[in-house]
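Take a look at the structure set out below.
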Amino acid sequence: SSGINAEYGGLFGGMGGLFSSAEAMLHQALHPKSDDISVCLEVTLDEVYLGKKKSVVLDRKKGCGGCGGARRVVTPCRACQGQGIAMTAIQPFPGYIQQVARECQLCRGSGYAGRGNCPTCHGQGAVVEKRQLDVRIPRDCRKRHELVFDGLGHHMPGEEAGDAVIVLCVKDHPVFSRRGAHLFLEKDITLTEALCGVSLTVDTLDGRKLLVRNNPSAMIKPCSIRVVESEGMPLQTSPQHLTYGNMYIKFNVKFPESLEKETCEELKSLMPAPSPVTIDRKREDVEEVQLSEYDGTESSRNVHDSDSDDDYHMQPGVQCVHQ
């Protein structure tokens with residue numbers, strides 16, 4: 001027996017999965033489900049950070065109560081008021097009048113005059129109701145996040161109610177960009193701040209102001225990144241515990257356009273001396289040239305042929321390489 005189970009267990013396990021799929025299909029056939037309602041709800045990064053609550057109005061179709069989804073209704077006979085029998089006065093003999101119940105001559109006993117579109121749904125079989133749904137934004141919501149509310153979709157007669165799917169679409173923030181639970185921003189600083197220390201303020205997503213400073217002895221290089229710990233996005237690690245990512249600041253150092261000669265001499269006296277260039281200028285193979293500004297135009301690239309084997313084009317900006 002154990003050998004048979006070992007040999008055919010995989011087959012029966014696969015059959016079990018097949019039976020489960022068939023059972024699901026049978027349930028769907030016997031219990032059809034109405035359409036879902038899908039709504040895109042735009043939220044800001046600030047609202048995600050604070051876990052705010054927002055309201056959305058759903059246009060929900062449901063079976064008409066007037067016709068039960070049949071679309072058409074019976075119009076009662078106005079002569080017998082839908083009874084199919086009308087009272088008629090007869091005189092069996094002089095001086096005596098009797099009320100007799102007889103088949104209605106107008107509807108021939110059916111009780112109705114005909115069938116017409118339901119006045120409630122106008123023959124559609126369904127009506128649209130407005131339903132307000134309050135949505136709590138998860139604080140660890142990603143760029144596109146789906147919330148499913150069971151049974152709040154369309155509900156047609158003879159079918160199970162569909163679901164309401166609220167798609168939270170987080171809009172781009174003017175200052176911060178996000179990667180997971182971390183926040184990133186860029187700050188422009190002067191050369192003086194990069195060399196001598198910087199103090200700046202950052203407005204957080206919950207309305208606080210951070211005073212950010214660095215150690216004056218730690219110079220900031222162009223395109224370098226510094227971190228402010230635990231000032232990123234919330235991260236729900238458990239129902240009772242909330243942690244935060246980090247805030248990363250990239251510094252763009254703005255250099256002065258030019259310096260006076262006296263300022264250059266003063267800087268040389270304060271800075272480490274540059275490495276000396278030892279070369280005999282009197283040699284015939286030595287030629288002195290000057291650097292000029294590169295603006296990215298075609299005239300500045302006239303030394304590069306269009307059919308060059310090395311398909312390289314200089315760009316006006318220099319990318320930063322982080323190590």
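Note that the structure is predicted; figures quoted are calculated from it, not measured.
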Within this structure, what is the [atom1]-[atom2] distance for the pair [X] and [Y], rounded to the nearest 0.5 Å?
X	Y	atom1	atom2	value
Lys250	Arg226	NZ	CZ	13.5 Å
Cys169	Glu146	SG	CD	9.5 Å
Cys141	Met233	SG	CE	8.0 Å
Asp163	Ser38	CG	OG	11.0 Å
Leu185	Ile249	CG	CD1	5.0 Å
Phe176	Asp46	CZ	CG	8.5 Å

**Request:** Sort and list the pairs that fulfil side chain to side chain donor-acceptor pair (under 3.5 Å) and have at least one residue in residues 261-278, not counting sequence neighbours.
**Result:**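 Sorted result for residues 261-278: empty, none.
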**Item:** Pair Val227-Ile225, side chain to side chain contact (heavy atoms under 4.5 Å, CB included): steps then yes or no
**Value:** CA-CA 7 Å; Val227 59; Ile225 297 177; over 6 Å; no
Which heavy atom in [X] sits nearest to a heavy atom in [Y], and how many Å separate them?
X	Y	value
Asn246	Ser230	OD1-N, 2.9 Å
Thr44	Glu47	N-OE1, 3.0 Å
Arg139	Gly51	CG-CA, 3.5 Å
Arg213	Ser199	CG-OG, 3.2 Å
Leu147	Pro138	CD2-CG, 4.1 Å

Under the side-chain hydrogen bond (donor to acceptor under 3.5 Å, both in side chains) rule, collect the residues that match up with [X], sequence neighbours excluded.
X	answer
Gln124	none
Arg144	none
Asp140	none
Lys53	none

Is there a path of hydrophobic side-chain contacts, each under 4.5 Å between heavy atoms of I/L/V/M/F/W/Y residues, joining [Y] to [X]?
X	Y	answer
Leu50	Leu168	yes
Val39	Val170	yes
Val202	Leu45	yes
Leu270	Met219	no
Met156	Val127	no

**Request:** Please identify each residue that fulfils ring-ring contact (aromatic ring centres under 6.0 Å, His included) with Phe251, with sequence neighbours left out.
**Result:**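 Here no residue qualifies.
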**Request:** May I ask you to check whether over 12 heavy atoms, not counting those of Arg179, lie within 6.0 Å of atom CZ?
**Result:**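 No.
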**Prompt:** Has Lys143 got more than 12 heavy atoms of other residues, nucleotides or ligands less than 6.0 Å from its NZ?
**Reply:**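 Atom NZ in Lys143 is packed in, count exceeds 12.
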**Request:** Can you spot which of Leu242, Leu205, Val48 makes a side-chain contact (heavy atoms from CB on, under 4.5 Å) with Pro234?
**Result:**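 Checked Leu242, Leu205, Val48 against Pro234; only one passes side-chain contact (heavy atoms from CB on, under 4.5 Å): Leu242.
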**Asked** Partners of Asn214 by side chain to side chain contact (heavy atoms under 4.5 Å, CB included), sequence neighbours excluded?
**Response**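 Residues passing side chain to side chain contact (heavy atoms under 4.5 Å, CB included) with Asn214: Val198, Ile220.
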**Message:** Give me each pair satisfying ring pair (Phe, Tyr, Trp, His ring centres under 6.0 Å) with a member in residues 126-162, each pair once, sequence neighbours excluded.
**Reply:**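 Pairs touching residues 126-162 that pass the test: none.
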**Request:** Using the ring pair (Phe, Tyr, Trp, His ring centres under 6.0 Å) rule, collect all pairs that involve residues 182-240, keeping only residues at least two apart or in two chains.
**Result:**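 As it turns out, the ring pair (Phe, Tyr, Trp, His ring centres under 6.0 Å) pairs with a partner in residues 182-240, which skip direct neighbours, are His182-Tyr248, Phe184-Tyr248.
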**Request:** State, yes or no, whether a side-chain contact exists between Leu133 and Ser55 at a heavy-atom distance under 4.5 Å.
**Result:**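 Side chain of Leu133 against side chain of Ser55, heavy atoms only: no contact under 4.5 Å found.
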**Message:** Does any part of the side chain of Val56, heavy atoms only, come nearer than 4.5 Å to the side chain of Val135, both counted from C-beta?
**Reply:**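 Contact flag for Val135/Val56 side chains = yes.
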**Request:** Could you name each residue pair satisfying salt bridge (Lys or Arg N to Asp or Glu O under 4.0 Å) that touches residues 183-209, not counting sequence neighbours?
**Result:**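 For residues 183-209, and leaving out neighbouring residues, the salt bridge (Lys or Arg N to Asp or Glu O under 4.0 Å) pairs sorted by first residue read Asp203-Lys209, Asp206-Arg208, Arg208-Glu231.
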Show me the donor-acceptor pairs within less than 3.5 Å that the side chains of residues 57-64 make with the rest of the protein, sequence neighbours left out.
| unit_1 | atom_1 | unit_2 | atom_2 | d |
| --- | --- | --- | --- | --- |
| Asp59 | OD1 | Lys130 | NZ | 2.5 |
| Asp59 | OD2 | Lys130 | NZ | 3.4 |
| Arg60 | NE | Leu152 | O | 3.4 |
| Arg60 | NE | Gly153 | O | 2.6 |
| Arg60 | NH1 | Glu129 | OE2 | 3.0 |
| Arg60 | NH2 | Gly151 | O | 3.4 |

Just by modelled atom types, is the [Y] backbone N or O under 3.5 Å from a matching donor or acceptor in the [X] side chain?
X	Y	answer
Thr201	Leu210	no
Lys54	Glu42	yes
Lys33	Gly162	no

**Prompt:** Which residues, ordered by chain and number, are linked to Val277 in its hydrophobic cluster, where ILVMFWY side chains connect at heavy-atom gaps below 4.5 Å, directly or through other members?
**Reply:**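 When side chains under 4.5 Å apart are linked, the cluster holding Val277 also contains Ile279, Val286.
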